[in-house]
Amino acid sequence: MTTLPQRVHIVDVGPRDGLQNEKQMIPADVKVELVDRLTGAGFTNIEVTSFVSPKWVPQMSDAADVMARIRRKPGVTYSVLVPNEKGMEGALAAKADEIVVFAAASEAFSQKNINCSIDESIERFRPVTEQAQQHGIRIRGAISCALGCPYQGEVEAGAVAHVARRMKDIGVQHVGVADTIGTGTPEKTKRVMDAVLSVYELNDISGHFHDTYGMATANVYACLELGISSFDSSIAGLGGCPYAKGATGNVATEDVLYLLNGLGIETGIDFAKAVATGQWISGILDRKAHSRAGNAVTAKLAA
Ligand code: HMG
Ligand code: MG
């Protein structure tokens with residue numbers, strides 16, 4: 001019988017991965033309140049924003065303002081995405097606890113998302129990770145298109161492991177295997193995770209699943225069976241990537257919590273508060289939350 005992890009670490013990426021794709025500009029006040037509510041619900045790692053080019057992703061242009069105004073709770077890691085040295089300046093000034101550098105397992109996506117090849121992106125990150133090391137800032141990496149690419153189609157597990165190895169070479173401490181377009185299924189997920197496990201230890205790998213094809217919680221379960229115990233998820237299933245058309249948001253945090261609670265796996269997160277936060281932000285965005293569990297619990301409470 002497989003032994004599942006007893007405790008899982010969740011990074012809520014809603015404020016960053018979730019909101020980056022919103023067409024209308026979301027006020028900084030709302031972003032700050034979202035992060036504060038997540039802190040209040042017991043999340044210990046929140047991906048707050050990105051220090052990327054405002055020409056590329058205008059929604060994240062208020063990164064410094066948002067970082068300056070969130071109420072930080074001791075012990076909570078507030079992370080930011082950083083694409084280059086300029087972004088690292090922003091992350092340092094904002095006193096981010098953790099940076100996330102991001103590369104792709106597909107050349108085509110790398111060009112569309114960050115305007116350079118995979119190898120160039122790693123070289124661009126080298127001075128960024130050096131600075132992070134000098135300042136004692138934790139370094140996480142994300143590998144996009146690990147389970148499929150919107151431009152290239154199939155992505156080999158070996159290509160994902162190759163990027164993981166390059167990331168490890170430049171000092172990335174923890175790697176997120178990202179299904180950017182949500183096409184992955186459990187067997188494919190296991191194949192890719194197995195390949196990355198030849199580079200990183202079990203505790204240094206997380207799953208980042210977008211839920212476009214409804215497979216994300218199944219993929220989370222497949223990872224649990226391998227012993228992987230870190231996942232990114234997005235409150236209310238917010239989001240998508242501006243450079244992956246049609247891809248929906250990350251797996252909803254509420255759905256992952258429902259799964260984990262059902263398995264008796266600890267997260268330290270208050271499910272009811274997470275659901276309330278998901279309903280609140282969905283109300284602000286004037287839409288129904290993309291969380292089956294969140295909506296079901298809310299409907300039951302209202303009945
Ligand atoms: P570029 O145009 O090649 O860069 O973009 P550049 O160096 O020529 O700079 C262009 C302009 O942007 C210049 O301004 C720079 O100063 C400015 P100008 O001189 O024209 O006025 N600039 C910046 N401004 C603020 N902060 C910065 C910054 N860098 C340059 N950091 C670049 C290259 C990487 C900057 C650009 O392609 C970019 O910002 N891309 C970010 C794309 C992005 O954020 N995508 C979404 C996040 S990734 C994701 O969602 C996937 C993930 O969730 C995992 C998954 O699901 O796959 C992580
Ligand atoms: Mg993503």
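Atoms within a ligand are numbered from 1 in the order they appear, just like the ligands themselves.
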(request) Please verify whether a non-hydrogen atom of E85 lies at under 4.0 Å from ligand 1. (result) no
(message) So if I count the atoms of ligand 1 from 1 in the order they appear, which ones are less than 4.0 Å from some heavy atom of F51?
(response) 26 (N), 27 (C), 31 (N)
(message) Would a single hydrophobic cluster contain both V11 and I46, if residues Ile, Leu, Val, Met, Phe, Trp and Tyr are joined by side-chain heavy-atom contacts under 4.5 Å?
(response) no
(message) Less than 3.5 Å apart, any donor N or O on the side chain of N203 or H9 sitting next to an acceptor on the other?
(response) no
(request) Could you grab the distance from atom CE of M60 to atom CD of E22, nearest 0.5 Å is fine? (result) 9.5 Å
(request) Hey, could you give me the CG/CZ distance between L81 and R140, rounded to the nearest 0.5 Å? (result) 8.0 Å
(message) I need the atoms of ligand 1 closer than 4.0 Å to a non-hydrogen atom of D17, numbered in the order shown.
(response) 50 (O), 53 (O)
(request) Heavy-atom contacts with N84 under 4.0 Å: which atoms of ligand 1 show up? List them by number with element. (result) 27 (C), 28 (C), 29 (N), 30 (C), 31 (N), 35 (C)
(message) To the closest 0.5 Å, what do you measure between CG (L19) and CD (Q59)?
(response) 6.5 Å
(message) Can you tell me if E89 contacts ligand 1 (heavy atom of the residue under 4.0 Å from the ligand)?
(response) no
(request) Flag yes if more than 12 heavy atoms outside K112 fall under 6.0 Å of its NZ atom; otherwise flag no. (result) no
(message) For atom 26 (N) of ligand 1, which of the options V177, V52, I181 provides the nearest non-hydrogen atom?
(response) V52
(message) Heavy-atom pairs closer than 4.0 Å: do any link ligand 1 to the side chain of R16, the backbone, both, or neither?
(response) side chain
(message) Testing the basics here: between A164 and Y200, what is the closest heavy-atom pair and its distance to 0.1 Å?
(response) O-CE1, 3.4 Å
(message) I'd like the name of whichever of K86, K55, R124 reaches closest to atom 15 (C) of ligand 1 through any heavy atom.
(response) K86
(message) Please check if the number of heavy atoms outside Q6 that lie under 6.0 Å from its CD is greater than 12.
(response) no
(message) I'd like to know if R126 pairs up with E123 as an ion pair, taking the criterion as any Lys NZ or Arg NE/NH1/NH2 lying under 4.0 Å from an Asp or Glu carboxylate oxygen.
(response) yes
(request) Check V100 against ligand 1 and report side chain, backbone, both or neither, counting heavy atoms closer than 4.0 Å. (result) neither
(request) Using a strict cut-off of less than 4.0 Å between a Lys/Arg side-chain nitrogen and an Asp/Glu carboxylate oxygen, indicate whether R166 and D119 qualify as a salt bridge. (result) yes
(request) Would you check if there is a donor-acceptor pair between the side chains of D255 and S291 at a distance under 3.5 Å? (result) yes
(message) Under 4.0 Å, heavy-atom basis, I'd like to know which part of S144 is in contact with ligand 1: side chain, backbone, both or neither.
(response) both
(request) Pick one of side chain, backbone, both or neither for how N113 approaches ligand 1, counting any non-hydrogen atom pair under 4.0 Å. (result) both
(request) Go through ligand 1 atom by atom and flag the ones less than 4.0 Å from a non-hydrogen atom of N115. (result) 1 (P), 2 (O), 3 (O)
(message) Please evaluate residues L238 and I235 with respect to the criterion side chain to side chain contact (heavy atoms under 4.5 Å, CB included), reporting the C-alpha separation (whole Å), side-chain torsions for both, the decisive distance (0.1 Å), and the verdict.
(response) CA-CA 6 Å; L238 294 173; I235 198 75; 4.1 Å; yes
(request) Rounded to the nearest 10 degrees, what's the angle NE2 of H208 makes with OD2 of D17 at the Mg ion (ligand 2)? Could you check? (result) 90°
(message) I need the atoms of ligand 1 closer than 4.0 Å to a non-hydrogen atom of A178, numbered in the order shown.
(response) 54 (C), 55 (C), 56 (O), 57 (O)
(request) Below 4.0 angstrom from a heavy atom of H210, which ligand 1 atoms are there? Numbered from 1 as shown, please. (result) 56 (O)
(message) I'd like to check which ligand 1 atoms, numbered from 1 as shown, lie under 4.0 Å from a non-hydrogen atom of H208.
(response) 53 (O), 54 (C), 55 (C), 56 (O)
(message) Pairs of nitrogen or oxygen atoms closer than 3.5 Å, one from D179 and one from ligand 1: do any exist?
(response) no
(request) Tell me which one of G90, C145, S53, S61 gets a heavy atom nearest to atom 17 (C) of ligand 1. (result) S53
(message) Below 3.5 Å, N or O to N or O, backbone or side chain included: is there any such pair between G87 and ligand 1?
(response) yes
(message) Test of understanding: given a 4.0 Å heavy-atom threshold, classify the contact between M60 and ligand 1 as side chain, backbone, both, or neither.
(response) neither
(request) May I ask whether P54 has any heavy atom positioned less than 4.0 angstrom from an atom of ligand 1? (result) yes
(request) From atom 38 (C) of ligand 1, work out which of W56, F109, F102 has a heavy atom at the shortest distance. (result) W56
(request) Grab the two heavy atoms, one from I99 and one from A132, that are nearest each other, plus how far apart they are. (result) CD1-CB, 3.9 Å
